[in-house]
Protein chains: 2
Amino acid sequence: MTRTALKKQRHEYLLKKIKQNPFLLDEELAKACNVSVSTIRFDRAELGIAEYRERVKSAAQEGRMSTSPTSGEVLDINLFHDGISVLKTDDSMVFEGTDIVKGQYIYAFAENLALNVIDAKAALVKIANVKYVHEAHAGDRLIAKSEVMREKDNGFIVRVVIKANMNEVFRGKFSLIAADGKYSEEYNENNS
Amino acid sequence: MTRTALKKQRHEYLLKKIKQNPFLLDEELAKACNVSVSTIRFDRAELGIAEYRERVKSAAQEGRMSTSPTSGEVLDINLFHDGISVLKTDDSMVFEGTDIVKGQYIYAFAENLALNVIDAKAALVKIANVKYVHEAHAGDRLIAKSEVMREKDNGFIVRVVIKANMNEVFRGKFSLIAADGKYSEEYNENNS
DNA sequence: AATGATTTAGTACCTGATACTAATATTAAT
DNA sequence: ATTAATATTAGTATCAGGTACTAAATCATT
């Protein structure tokens with residue numbers, strides 16, 4: 001194989017590998033690619049990939065940004081009645097090698113809204129029946145609507161429907177029960 | 001105020017400030033506390049606070065942990081038959097102010113095993129019926145067992161049961177269908 | 001005044017880089 | 001086959017943000 005082709009291959013490898021794991025030193029990359037550290041530095045410069053420390057730093061900042069990773073943003077809530085939230089999907093949520101969003105992210109999004117509409121801190125999921133109607137793809141903007149169907153025993157039945165581009169993607173029914181009002185008080189910041 | 005008291009105050013400040021924002025250099029901390037950088041270094045040593053780079057690094061790693069799904073560790077897999085995996089829960093998975101693990105983490109754990117037993121890269125969840133039998137608590141070691149119940153149409157029905165301390169915590173039935181698998185090739189090391 | 005705790009200063013060294021230069025393959029084009 | 005362009009390696013000086021250590025200066029207390 002020509003060096004030019006090897007370089008291209010290496011570049012693809014670097015882009016992919018570093019994206020999925022920013023904690024890779026030039027030295028390690030060099031070893032993995034069987035080239036010198038200098039080559040890796042040239043490659044990074046060509047590809048516009050920042051140095052290790054910057055990568056780690058921005059990874060930390062991103063992590064810092066997303067308080068709860070898959071909860072989405074609540075747009076509207078009528079407590080004990082209904083709620084709407086949105087979630088922008090991205091390729092951190094997909095099956096490796098595809099752009100199909102994993103069910104667990106959609107589930108978490110739905111469960112979260114179901115809990116929020118009941119008053120998150122006071123409810124637990126007991127049973128969930130969920131259906132993934134259509135695949136969701138990375139980049140899709142998911143819109144979840146939840147409705148409290150009825151009260152049952154000491155709990156609630158909440159339905160959540162999620163759509164992407166007007167198409168139904170997910171449909172779930174959550175049976176929630178109130179958790180006993182044993183709340184541990186907020187963090188005490190009073191010190192002298 | 002005595003120097004000793006000032007020091008104590010500074011120590012409290014450092015612990016709190018660095019906890020809420022790890023991106024603070026010794027130089028910045030020194031300026032904020034109106035002492036020299038040396039003093040800050042002494043303080044950090046006394047308090048066991050790691051240096052800037054280590055703080056940023058572990059922040060990034062934590063962020064990475066929470067964004068990547070909680071899949072647990074697979075202990076045994078008989079493809080298309082059954083599998084076992086474990087997950088150590090922690091307080092990043094709980095409802096705020098409690099030690100009760102959120103359903104979505106348990107769900108993700110279960111879904112993952114269900115997918116793994118079928119060959120993760122080639123299957124999608126279509127329907128899931130899940131029941132949270134008992135609360136799981138932070139620190140619990142969850143053990144999930146999955147069994148393929150039967151093939152159905154072009155898919156599978158997989159049951160997953162999760163226990164903590166011998167007690168059933170979760171029970172779920174997943175209906176999975178095969179998806180066309182697309183492999184991403186590893187970096188080619190054949191060259192010389 | 002002497003003792004011990006606290007704070008500051010300074011040195012050598014470390015890692016994982018950047019920025020740059022120079023030399024050496026290897027390939028493609030003429 | 002020779003040349004020009006491309007790819008790779010090596011080496012130097014420099015940087016940031018430290019560690020680890022030593023020594024001196026500055027209180028506060030007895």
How about B:Y105 and B:T89: do any of their side-chain heavy atoms sit closer than 4.5 Å? no
Mind running a 4.0 Å heavy-atom check of residues 32-47 of chain B against DNA chain D and sending the residues that fall below it, in number order? B:R41, B:R44
Report the distance from atom NZ of B:K7 to atom P of D:dT26, rounded to the nearest whole Å. 18 Å
When rounded to the nearest 0.5 angstrom, what distance separates CZ in A:R10 from NZ in A:K7? 7.0 Å
I need the minimum non-hydrogen distance between A:V101 and A:F95, along with the two atoms involved. O-CE1, 4.4 Å
When rounded to whole Å, the CD to P distance for the pair A:E54 and D:dA16 reads 13 Å
Taking side chain as C-beta onward, heavy atoms only, is A:K102 less than 4.5 Å from B:L115? no
Distance in angstrom units between A:E51 CD and D:dT14 P, rounded: 19 Å
d(A:L14 CG, A:L29 CG) to nearest 0.5 Å is 6.0 Å
Contact nearer the 5' end of DNA chain D, comparing A:T4 with B:L24: A:T4
Specify the separation, in whole Å, of atom CG of A:D26 and atom P of D:dT8. 15 Å
If I take atom CG in residue B:L29 and atom C1' in nucleotide D:dA16, what distance separates them, rounded to the nearest angstrom? 16 Å
Separation of C:dG16 P from A:E27 CD (nearest whole Å): 7 Å
Compare side-chain N and O positions of A:R10 against OP1 and OP2 of D:dT8 and report whether any pair is under 4.0 Å apart. yes
Between the base of C:dG16 and the side chain of A:R53, is there a donor and acceptor pair under 3.5 angstrom? yes
Closest non-hydrogen atom pair between A:V117 and A:G83, with its separation: CG2-N, 3.7 Å
To the nearest angstrom, how far is B:K31 atom NZ from C:dT8 atom C1'? 17 Å
Taken to the nearest whole Å, CG/B:L6 to P/C:dA5 is 18 Å
Going from NZ on A:K145 to NZ on A:K163, what distance comes out if it is rounded to the nearest 0.5 angstrom? 5.5 Å
